[in-house]
2 protein chains.
Amino acid sequence: MAPRNEDILDEQASRARMATRLRNLREAKGLTIQTVAERGGLAISTISKIERNLMAPTYDRFARLARGLGVDLAELFVEDGTRFEPGGVAVARRGEYGYHETENYTYEMLFPAVRGKRMVPMMGTLKPRERMQVDRMVSHAGEEFLLVLDGRVRVELDGMEDVVLDTGESLYFDSARGHLYASAQDAPARILVVCTEFDSDEPERG
Amino acid sequence: MAPRNEDILDEQASRARMATRLRNLREAKGLTIQTVAERGGLAISTISKIERNLMAPTYDRFARLARGLGVDLAELFVEDGTRFEPGGVAVARRGEYGYHETENYTYEMLFPAVRGKRMVPMMGTLKPRERMQVDRMVSHAGEEFLLVLDGRVRVELDGMEDVVLDTGESLYFDSARGHLYASAQDAPARILVVCTEFDSDEPERG
DNA sequence: CATGAATATTTCCGATAGGAAAGTTTCCGA
DNA sequence: TCGGAAACTTTCCTATCGGAAATATTCATG
């Protein structure tokens with residue numbers, strides 16, 4: 001299957017963003033092309049062309065660029081978007097970002113889910129003896145941390161037997177695995193969920 | 001300045017690791033080269049060569065590989081080390097990884113901090129009216145989420161005025177900013193802290 | 001063993017990355 | 001406005017990437 005046209009467009013756009021990101025990053029650090037070239041060990045012209053999207057760098061050049069820029073290689077691949085500012089601090093009093101309802105689950109986002117922020121903490125309440133979503137399991141990219149704040153919770157996991165957690169116990173899992181929470185008692189259960197930032201692309205089955 | 005010899009060796013090694021990582025990732029997902037090629041839109045031979053480190057992929061190919069593998073592009077650049085397995089699930093009963101003591105703070109890691117895992121959740125108790133660490137603030141790469149499980153906590157932040165959080169309130173901040181927790185009441189305070197995985201490299205000043 | 005089907009590798013060649021050096025632009029200070 | 005230095009871009013050429021197709025390998029089944 002050849003890539004769809006829109007995918008190719010995405011790819012072009014992605015590559016263009018990478019190019020400008022590289023230039024912005026360098027300029028934000030107040031480095032010249034030459035400095036980056038020397039520190040990283042690549043040609044000046046190469047950097048010039050890469051930053052203007054006239055050339056698609058190979059793995060080696062990315063590694064050298066990262067060294068030249070003084071950043072971790074992986075950092076080059078984090079998209080911008082709305083960003084959590086370096087040095088940023090956010091306090092969450094309760095209910096600031098509103099309460100959301102699904103069938104048997106009420107939750108609030110403790111902080112807005114902006115890009116660049118690595119975690120998305122949520123706090124929620126499960127109705128007594130009810131599953132969070134009746135029809136099917138949830139699955140998405142990233143990892144998930146669940147802490148039972150109050151009550152007893154049953155976690156259904158795709159391809160595994162259920163896990164029951166008491167107050168104070170927690171679970172850490174790859175959220176690509178289908179999952180579903182339910183209160184395992186005749187009272188509401190309160191939980192804290194922290195997800196790593198959702199990826200824009202659809203999740204892949206492992 | 002040309003790259004030092006050992007840097008070149010690092011780069012070779014890094015590229016080799018990338019190659020095997022790509023192969024491992026594909027095999028872990030049970031995908032054939034052909035499937036990845038079709039879904040991503042690249043040639044079979046290209047993938048074969050990349051995975052055996054006979055070719056250094058360009059940005060475009062990385063983007064397509066990521067799509068073919070069904071992972072986020074940035075994910076390809078996370079080094080292995082001890083890895084949180086794809087699809088992994090870990091349950092934390094209490095005290096499994098031992099309790100750690102600093103001056104006025106007792107905490108436990110809820111899950112081991114292996115590489116590839118994006119979050120490091122910890123639960124701790126602050127002594128009444130005492131600061132976590134008397135001498136100086138803590139600062140490290142990544143982001144940090146603090147939830148007050150019980151009590152009232154004062155957070156000292158470098159270059160900002162203190163933040164006081166009540167039970168159920170939380171704080172999210174760039175943990176490069178110096179920080180220090182303290183109980184703000186005459187009783188111990190219980191907190192949950194989730195850090196993003198510590199980076200091995202020192203953070204770069206922007 | 002044979003046979004075939006599925007998967008991976010090799011070969012070959014056109015397209016493109018990437019470096020050296022020359023050329024251009026920008027931005028001062030006199 | 002004239003050097004002239006610093007920063008960036010272009011040019012040109014070789015090395016390498018990357019795809020199509022041929023070849024090899026692996027693996028199940030009789």
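Every chain is numbered from 1 and lettered A, B, ... according to where its sequence line falls, protein lines coming before strand lines. Just so it is clear, the values below take in all heavy atoms, side chains as well, and ignore hydrogens, waters and symmetry mates.
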Could you state the atom-to-atom distance from CD of A:Glu51 to C1' of C:dG18 in whole Å?
15 Å
Side-chain donor-acceptor pair present, A:Thr32, A:Thr35, cut-off under 3.5 Å
yes
B:Asn53 CG to D:dC17 C1', straight-line distance once rounded to whole Å
13 Å
A:Asp150: which residues meet the side-chain hydrogen bond (donor to acceptor under 3.5 Å, both in side chains) condition with it, sequence neighbours left out?
none
D:dC8, OP1 or OP2 - any side-chain N/O from A:Arg23 closer than 4.0 Å?
no
Of all the nucleotides listed (D:dC8, C:dA17, D:dA7), which has the minimum atom distance to the side chain of A:Ile33?
D:dC8
Counting only N and O atoms by type, is there a donor-acceptor contact under 3.5 Å from the side chain of A:Arg67 to the main-chain atoms of A:Gly40?
yes
Identify whether any heavy atom of A:Thr32 sits under 4.0 Å from a base atom; if not, whether one sits that close to sugar-phosphate; answer base, sugar-phosphate or nothing.
sugar-phosphate
Considering just the side-chain nitrogens and oxygens of B:Arg64, establish if one lies under 4.0 Å of OP1 or OP2 belonging to D:dG18.
no
May I ask you to verify if any side-chain N or O of A:Arg52 is less than 4.0 angstrom from the OP1 or OP2 atom of D:dT10?
yes
B:Ile47 CD1 to D:dG19 P: how many Å, rounded?
9 Å
Roughly, in whole Å, what's the span from CZ in A:Arg61 to P in D:dA15?
14 Å
Assign each of B:Thr58 and B:Glu27 to its nearest nucleotide of DNA chain C by heavy atoms, then name whichever residue's nucleotide is nearer the 5' end.
B:Glu27
Residue-phosphate contact under 4.0 Å: B:Arg26 side-chain N/O, C:dA8 OP1/OP2
yes
From OH of B:Tyr59 over to P of C:dG18, roughly how many Å is that when rounded to an integer?
14 Å
For nucleotides 20-24 of chain D, list the nitrogen or oxygen atoms of the protein found under 3.5 Å from its nitrogen or oxygen atoms, one pair per line.
| unit_1 | atom_1 | unit_2 | atom_2 | d |
| --- | --- | --- | --- | --- |
| D:dA20 | N6 | B:Ser45 | OG | 2.9 |

Taking the minimum atom-to-atom distance to the side chain of A:Leu54, which one of D:dT10, C:dA17, D:dA7 wins?
D:dT10
Can you tell me the pairing partner of C:dA17 across any strand shown, Watson-Crick or G-U wobble, with both distances under 3.5 angstrom?
D:dT14
Rounded interatomic separation in angstrom, taking CE from A:Met55 and P from C:dT16
12 Å
Rounded to the Å, how far apart are A:Leu22 CG and D:dC8 P?
14 Å
Whether the side chain of A:Thr167 engages the backbone of A:Gly151 through a donor-acceptor N/O pair (distance < 3.5 Å, no angle test) should be reported.
yes
Between D:dT26 atom P and B:Gln34 atom CD, what is the distance in whole Å?
18 Å
Is there a donor-acceptor contact under 3.5 Å from the side chain of B:Thr196 to the main chain of B:Glu143?
yes
Judged by atom type as modelled, is there a donor-acceptor pair below 3.5 Å linking the side chain of B:Tyr172 to the main-chain atoms of A:Met119?
yes
Going by the angle between their ring planes, with limits at 30° and 60°, are A:Tyr181 and A:Phe173 parallel, tilted or perpendicular?
perpendicular
